[in-house]
Undergrad: 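Dropping the structure in here first, questions after.
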Protein chains: 2
Amino acid sequence: MSLDERKMKILKTIISTYLETGEPVGSRTIAKDSDLHLSSATIRNEMADLEELGYIIQPHTSAGRIPSDLGYRYYVNQMMEEHDMEIREKEEEIEAERQMMFQKMDRMEEMLKSVADVLANDTNYATLVSTPHIRESKLKFIQLSMVDHCRMLAVIVVGNETVKNLLMNVEDPLSNEEILKLNILLNSFLQGLTLNEISLELMHTMKVQAGLHATILETVFSGIVEAIHEANDMEIYTSGATNILKYPELANPSQTTALLDTLVEKKQLVKLVDETVSDQEKHGIQVYIGSENQLPSLKDCSIVTATYDLEEGGTGTVGIIGPKRMDYRKVVHTLKNLTADLDEIFNKKS
Amino acid sequence: MSLDERKMKILKTIISTYLETGEPVGSRTIAKDSDLHLSSATIRNEMADLEELGYIIQPHTSAGRIPSDLGYRYYVNQMMEEHDMEIREKEEEIEAERQMMFQKMDRMEEMLKSVADVLANDTNYATLVSTPHIRESKLKFIQLSMVDHCRMLAVIVVGNETVKNLLMNVEDPLSNEEILKLNILLNSFLQGLTLNEISLELMHTMKVQAGLHATILETVFSGIVEAIHEANDMEIYTSGATNILKYPELANPSQTTALLDTLVEKKQLVKLVDETVSDQEKHGIQVYIGSENQLPSLKDCSIVTATYDLEEGGTGTVGIIGPKRMDYRKVVHTLKNLTADLDEIFNKKS
DNA sequence: ATTAGCACTCATTTAATCCGAGTGCTAATA
DNA sequence: TATTAGCACTCGGATTAAATGAGTGCTAAT
């Protein structure tokens, strides 16, 4: 026994009805709703088969059927193959509004935060956005300068976007010439290097050349380390966590806490995103359904993720977390558009 | 009829028992637990009086009593007067651990975020930390520099802590001399000014002097505006929002969502904190109980806030949000310690 | 002024019952 | 052979009823 045309059609109807209602779907409903004209009895037989095949599940004896993880998986795969996704209505307005927001913000972090917010608002699911993850960021530029008599500012530019500022107290102010010398020293030695190209030896040589100001270099070095780490590490922003409370099947008290915690505790999500990135695939869209998720607290959720790229090789992730019965079509479509936008913006910008 | 010695004692017992258990307290419990040796009947009479006076409430006819907002208020005021708060055990370790964290971080934002986290962990309540709010930040320092051929970096230092970076593309690179000139121009004209001291006329004069590079100034100006705004605006960090789910009286589905939303949507909290700051009082500790809160979603919560100060006059807020039956003693004590630490750190640092 | 005693209230728990959506199976039908 | 009609059966959820028990208010006795 295998999935013939009719079974497929029934399965699809079951899933999409369930996506709408969140209630188990019975044979009669399908007999009425679907366009194949069959009696409920026939549908029942087919449903029994579909259950045996593992695509659907009966939560209890006298209930309709709901999709199993396998069923969702089938549905999603099927959907992914349909290239021609009809453009959704309102989409354009939202698009425009989004562009507006993007224009105004200059700092990537701020923008990504607001992407998470907008997305959560649009979709009514929880969202997650990670900053780009760059393997080995290089030091681009350093500049020291005196802010006032006793404070010195170090500006460190890493990769292409990250800028780190370091404010430090110095006992006696340095003259312009001294500062200039230090700047030249720093840049000529360090520009273009990654973290592990900066050896102890190199640092020693520099300190010798710096003479009196070796202690300043000390501080600058540790600032550099932090800056590069910051650039390498990804930050994760989430939004709309409470949206999940809108779905009764997730709002049950015992799971709710764990779930919300997962969404708020960024640490767990970092792992999640890490795995996503390594699972790359065409379109850059990934769908994890129920128990396919690594985190046990997400076993009743689905996650759809997409990646966006930076010209220089960094890769960031955008994700949506919702109930297993989420509107996959819409979500996938939205994410595709969004990442396309992000790609464009970041690559225009740099 | 007024609060005599005995009534006070009974009221205190009711409240502290309720703080522990979260269940309405009956007359028998008190007869047994309190050290005044009275029968439950007597207690009942006294309780009836206390209820009439408005300090306690019967949730329904055949239940024990719980504190009313007025009751909590009485309890808290009473407590505030006891100056000699015994030092809590473990406190020292926690303290040490905290110091560790503080040492490592250089950026205030990062630190405040982690303060929120640590606090939420320690207390099992939701926490809130705002960055210092400064009325009129002054521009301290500007510096332009070329990062590479086509990109220019503007570093803008505002107030005493905030540093803003602005990365912009320029068609043709500027020479060192040109940059130097611009820097001198910018600093000599703008240093020490607040936002509304930077007039259109001033900007015009500067543009004339800049000649070819007027467009760059344009961009820098808008960067300055943003930087000062950023410094003026306060940012709010929250943590441990899901802790409130631990308290059954708050976990009821209908309120939960609104409550969590409030904690996550920073915008609402901004107002809250604003009011707090204006309500200043001795010790800088504020307690808002139940309906004393401005936000309706917090009507079943209590908020305890404390403020910390920056040398330059900025004031930030630390707050704890929990059920009305929160452990006020502990919370007030913790906040006092914490803000003392913060004061010290910030004032040593700058 | 305090206490013992008793009738009363009412949220909560437990059990009993009903209801209906949905199934599986069998026998009739096309 | 595939489909359908019909019917007995199952079981979760909602509704109702009864039992429980913590706690009160009031009164009369101490």
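In what follows, chains are A, B, ... by sequence order, proteins preceding strands, each numbered from 1.
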Undergrad: Taking only residues two or more places apart in sequence, or in another chain, which ones meet A:Tyr55 in a ring-ring contact (aromatic ring centres under 6.0 Å, His included)?
TA: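 ring-ring contact (aromatic ring centres under 6.0 Å, His included) check on A:Tyr55 returns A:Tyr74.
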Undergrad: Taking atom types as modelled, is there a side-chain donor on B:Ser302 or B:Tyr328 under 3.5 Å from an acceptor on the other?
TA: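 On atom types as modelled, these side chains qualify, holding a pair under 3.5 Å.
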Undergrad: For the residue pair A:Val287 and A:Ile303, establish whether any side-chain heavy-atom pair is separated by less than 4.5 Å.
TA: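 No; the side chains remain at least 4.5 Å from each other.
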Undergrad: Under 4.0 Å from a heavy atom of chain B: give me the 5'-most and 3'-most nucleotides of DNA chain D that qualify.
TA: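 First and last nucleotides in contact are D:dA22 to D:dG25.
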Undergrad: According to the Watson-Crick and G-U wobble definition with distances under 3.5 Å, which dot-bracket string, read 5' to 3', encodes DNA chain D, using [ ] for crossing pairs and | for pairs with another strand?
TA: ||||||||||||||||||||||||||||||
Undergrad: How would you list, by chain and number, every residue that makes a side-chain hydrogen bond (donor to acceptor under 3.5 Å, both in side chains) with B:Thr262, sequence neighbours excluded?
TA: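 So B:Thr262 forms a side-chain hydrogen bond (donor to acceptor under 3.5 Å, both in side chains) with B:Ser297.
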Undergrad: Using side-chain hydrogen bond (donor to acceptor under 3.5 Å, both in side chains) as the criterion, list what pairs up with B:Ser68, not counting sequence neighbours.
TA: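 Counting only residues at least two positions away or on another chain, B:Ser68 forms no side-chain hydrogen bond (donor to acceptor under 3.5 Å, both in side chains).
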Undergrad: Which of residues 40-50 of chain B have a heavy atom under 4.0 Å from DNA chain C?
TA: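 Nucleic-acid contacts, sorted: B:Ala41, B:Thr42, B:Arg44, B:Asn45.
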Undergrad: Please enumerate all residues that pass side-chain contact (heavy atoms from CB on, under 4.5 Å) together with A:Asn124, with sequence neighbours excluded.
TA: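 Here the qualifying residues are A:Asn243, A:Lys246, A:Tyr247.
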Undergrad: Name every residue in residues 59-71 of chain A that has at least one heavy atom under 4.0 Å from any atom of DNA chain D, in order of residue number, or write none if there are no such residues.
TA: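 Contacting residues: A:His60, A:Thr61, A:Ser62.
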Undergrad: Can you name the one residue among A:Arg73, A:Lys324, A:Lys299 that meets salt bridge (Lys or Arg N to Asp or Glu O under 4.0 Å) with A:Glu292?
TA: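 Between A:Glu292 and the candidates, salt bridge (Lys or Arg N to Asp or Glu O under 4.0 Å) is satisfied uniquely by A:Arg73.
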Undergrad: A:Arg325: which residues meet the salt bridge (Lys or Arg N to Asp or Glu O under 4.0 Å) condition with it, sequence neighbours left out?
TA: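 Partners of A:Arg325 by the salt bridge (Lys or Arg N to Asp or Glu O under 4.0 Å) criterion, ordered by chain and then number, come out as A:Glu249.
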Undergrad: If I take atom CG in residue A:Asp33 and atom P in nucleotide C:dG22, what distance separates them, rounded to the nearest angstrom?
TA: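 Going from A:Asp33 (CG) to C:dG22 (P), I get 12 Å.
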Undergrad: Of all residues at least two apart in sequence or in a different chain, which pass the salt bridge (Lys or Arg N to Asp or Glu O under 4.0 Å) check with A:Glu51?
TA: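 For A:Glu51 the salt bridge (Lys or Arg N to Asp or Glu O under 4.0 Å) partners, ignoring immediate neighbours, are A:Arg65.
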Undergrad: Can you sort out the partners of A:Asp300 under salt bridge (Lys or Arg N to Asp or Glu O under 4.0 Å), two or more places apart, ordered by chain and number?
TA: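 Not a single residue meets the salt bridge (Lys or Arg N to Asp or Glu O under 4.0 Å) criterion with A:Asp300.
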Undergrad: Sequence neighbours left out, what passes salt bridge (Lys or Arg N to Asp or Glu O under 4.0 Å) with B:Lys9? Give chain and number order.
TA: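 With neighbours one apart ignored, the set is B:Asp35.
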Undergrad: At their closest point, which heavy atom of B:Thr61 faces which heavy atom of B:Gln58, and how far apart are they?
TA: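 Minimum heavy-atom separation between B:Thr61 and B:Gln58: O-NE2, 2.5 Å.
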